[in-house]
Amino acid sequence: MKPTNSSVNFNYSINNLDETLLLSLYRNMLKPRLIEERMLVLLRQGKISKWFSGIGQEAISVGVTMAIHSDEYILPMHRNLGVFTTRKIPLYRLFAQWQGKASGFTKGRDRSFHFGTQQYKIVGMISHLGPQLGVADGIALASKLKNKNQVTAVFSGEGGTSEGDFHEALNVASVWQLPVLFCIENNGYGLSTPTHEQYNCKDLAARGIGYGMESHIIDGNNIVEVYTKVNALAKDIRRNPRPILVEFKTFRIRGHEEASGTKYVPEELITSWTTKDPLLNFEAFLKAETIITEELEADFKAEINKEINEHLKVANEEEEIKPNESEELSDVFQLIKNEGINSKSKPEEIRFIDAISSSLKESMIQHEDLVIMGQDIAEYGGAFKITEGFIDQFGKERVRNTPICESAIIETAMGLSIAGIKSVVEMQFADFVSSGFNPVVNYLAKSYYRWKQNADVVIRMPCGGGVAAGPFHSQTNEAWFTKTPGLKVVYPAFPYDAKGLLNQAINDPNPVLFFEHKALYRNIRQEVPTDYYTLPFGKASVIKAGNDVTIVSYGAAVHWVLETLDNNPDISADVIDLRTLQPLDLERIYASVKKTGKAIILQEDSLFGGIASDISANIMEQCFKYLDAPVMRVASMETPIPFAAQLEQQYLPKNKFETALKTLLAY
Ligand SMILES: Cc1ncc(C[n+]2csc(CCOP(=O)(O)OP(=O)(O)O)c2C)c(N)n1
């Protein structure tokens, strides 16, 4: 149903708003409306693939965007075309984005509003909705750390407020008093789900209060109310940085997306909300007040339609993207110098854990903005005491205790990166990254490829078994990440490598999962330079040279290999410690296998789907004619990792390795 009313159903308190401002509020709402009406035509003609309508909700996008300064970030959702148009993005770029063309914002790699642009300070959504909110926390944290007194505005539908991300983001923002304006657009339905099936409270605004946050309810269809109230709130946040939640009451008068229709919405709801159309009511008001004439209205429409036509023509005439494999592959990671920085100091013998701690400390000095976040890492010094004493040297702003909100903190790290700040996030145990899995594999991993926004984040992962800690404190879960393009995965076995690689990980502007085996922390010592140095990624180290077999491993399992060889001095083996799993030094492996003719891979994780399988497959494909035996993989049992020491020993592959190695040598 097309809104047609012309009476004024709102009380517009224009007070001291001047005519120019009122006209631009009107014009800024008119533009997305006219674009959408055109998109609906194109959709029917099959010229665009999907459309999420924001018709009837324009006052929120436009009012909020006009109240936020143009250098303040705004994080819109799929119905917020008005944010993009009010920020004056050239329309041909939007049209090209929707057609998957190069002048869009993602080189055809993502659709609709799934993009961001630093130029316009807009950070678009990922499909999962909720992560936007935690990312806004990070941007707001950066503003607070740099004393910028800026507001970050972020949107969510009422459906999105049911996601854990929403609750974590509100909690973190409130505990840290971050200057975020959380904007909930309560439009009655999340796809076909009505509000009473989505939540069980009267107003979502109450959720702000639950998190210790000021909150407000605003009539989302009254542009004057939206603009004036948000403008006042934004000013207040700039003066007194803190989060505020606003629930905008509105209604989605079209389908979730055009193909899904509105059959499940009672007709009378659509009819009554149509009379509250934000554009037509305001238009009628401006006419009644003689602020706009029929002529001026026609001029506005003609100008906007002309702009739409011209820009559509530009986008339509742009050639389709020509796929180019090497361009796709080279856009997964931001380029970085990967040469390694040499140390100049005399080495000292330290433990693995000291190497990690020393890297973090030196990196905090090296990068003066670097922020470390994690549970209990400040006064308490972290579960493993790696950051003990850090707050005395670097202060609590940079060494941040976090609530138990893995998702929101990883999203916050993403937001910091958007605002130009590096961060390291400590998982208390690698197992708990599953509570922040979505932002790692969908936000951090894909953001550079999608819109060239790097995720300058290192996630530290204290991992691994042999410590009788049971299924949730012993996993080595690198395989969850090695299969996700866009993530680098580092897994050192020695203190020297741990320090040099962690320094490199923090230098790297891309997301890095840094695995630290807990069993190595206090058991493995090595001479390590006392000053700052880095080691390049993607370079395995050959820690023993021999002729009969190639042994490939990483992490604690490298030490099991060395123990086995100590007990069998007659075995002549090349031992390759991978050090990084992504990038993976396959060339080093191939060179060794071509020499020895036999290969065995030892991995601590259970066998199926682990990196040993991929290494094995690559050796078979690339070195088949050099092989004298099938490539062998030795790994843990296909069960969760158990607690009781004797069960854990049976589970881990350490004791099976010697037999497998001897079987291979005898082949
Ligand atoms: C994590 C996740 N679950 C489900 C979906 C599918 N989905 C996309 S939009 C949507 C409804 C969202 O409702 P709401 O947040 O109220 O926003 P609205 O579409 O009403 O503006 C759903 C279920 C999704 N994109 N992400």
Side-chain angles (χ1 to χ4, degrees), residues 32 36 39 49-64 74-84 110-115 124-136 153-170 182-201 203-205 207 217-218 220-221 226 245-266 269-270 273 278 406-408 410-411 434-443 445-446 450:
E36 275 216 42
M39 290 306 123
S49 64
K50 235 178 169 48
W51 190 258
F52 296 90
S53 176
I55 287 181
Q57 297 180 225
E58 295 95 336
I60 302 167
S61 302
V62 170
V64 171
I74 192 159
L75 292 84
M77 300 299 289
H78 48 291
R79 293 189 206 288
N80 297 124
L81 172 60
V83 169
F84 298 83
D110 207 341
R111 66 184 199 189
S112 56
F113 293 106
H114 297 184
F115 67 91
M125 63 189 289
I126 68 166
S127 291
H128 299 66
L129 317 166
Q132 285 292 79
L133 300 146
V135 172
V154 60
F155 288 84
S156 170
E158 84 290 345
T161 67
S162 301
E163 292 188 64
D165 302 70
F166 171 82
H167 298 269
E168 290 193 16
L170 257 64
F182 291 101
C183 303
I184 304 174
E185 276 183 85
N186 191 343
N187 66 3
Y189 284 81
L191 214 160
S192 74
T193 306
T195 51
H196 69 269
E197 291 183 23
Q198 192 69 253
Y199 58 85
N200 187 23
C201 53
D203 298 307
L204 289 170
R207 294 200 171 161
I217 295 174
I218 291 179
N221 285 30
V226 173
L245 179 72
V246 177
E247 179 182 2
F248 295 99
K249 304 279 191 188
T250 185
F251 198 75
R252 196 197 72 204
I253 56 169
R254 300 191 68 86
H256 167 64
E257 46 97 22
E258 287 307 311
S260 60
T262 51
K263 278 210 178 93
Y264 46 85
V265 183
L269 266 180
I270 298 187
W273 276 94
E406 282 79 5
S407 251
I410 293 167
E411 290 155 12
S434 48
S435 293
F437 191 68
N438 181 37
V440 178
V441 299
N442 285 317
Y443 219 123
K446 297 175 177 41
R450 293 168 55 241

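Residue numbers run from 1 in the order of the sequence given. As the structure lists them, so they are numbered: ligands from 1, and atoms in each ligand from 1.
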Identify all N/O pairs between ligand 1 and the protein with a separation under 3.5 Å and present them as a table of atom names and distances.
from, atom 1, to, atom 2, distance (Å)
ligand 1, 15 (O), G159, N, 3.3
ligand 1, 15 (O), G160, N, 2.9
ligand 1, 16 (O), E158, N, 3.3
ligand 1, 16 (O), E158, OE1, 3.1
ligand 1, 16 (O), E158, OE2, 3.3
ligand 1, 16 (O), G159, N, 2.7
ligand 1, 19 (O), H78, NE2, 2.8
ligand 1, 19 (O), R79, NE, 3.4
ligand 1, 19 (O), R79, NH2, 2.8
ligand 1, 20 (O), N187, OD1, 3.0
ligand 1, 20 (O), N187, ND2, 3.1
ligand 1, 20 (O), Y189, O, 2.8
ligand 1, 21 (O), R79, NE, 2.7
ligand 1, 21 (O), N187, ND2, 3.3
ligand 1, 25 (N), S127, O, 2.8
ligand 1, 26 (N), S127, O, 3.4

Margin query: Holding to salt bridge (charged side-chain N to carboxylate O under 4.0 Å, His left out), I want the full list of residues that pass it with E168, two or more places apart in sequence or in another chain.
Written below: none
Next item on the list: Salt-bridge test for K446 and D110: reply yes if a basic N is under 4.0 Å from a carboxylate O, no otherwise.
Entry: no
Item checked: Geometric class of the H78/F52 ring pair [parallel <30°, tilted 30-60°, perpendicular >60°] -> perpendicular
Next item on the list: Give me the one residue out of R450, H128, Q132 that meets side chain to side chain donor-acceptor pair (under 3.5 Å) with Y443.
Entry: Q132
Next item on the list: To the nearest 0.5 angstrom, please state how far the OG1 atom of T262 sits from the NE2 atom of H256.
Entry: 13.5 Å
Item checked: Residue that, paired with N186, satisfies side chain to side chain donor-acceptor pair (under 3.5 Å) out of R252, E247, Q198 -> E247
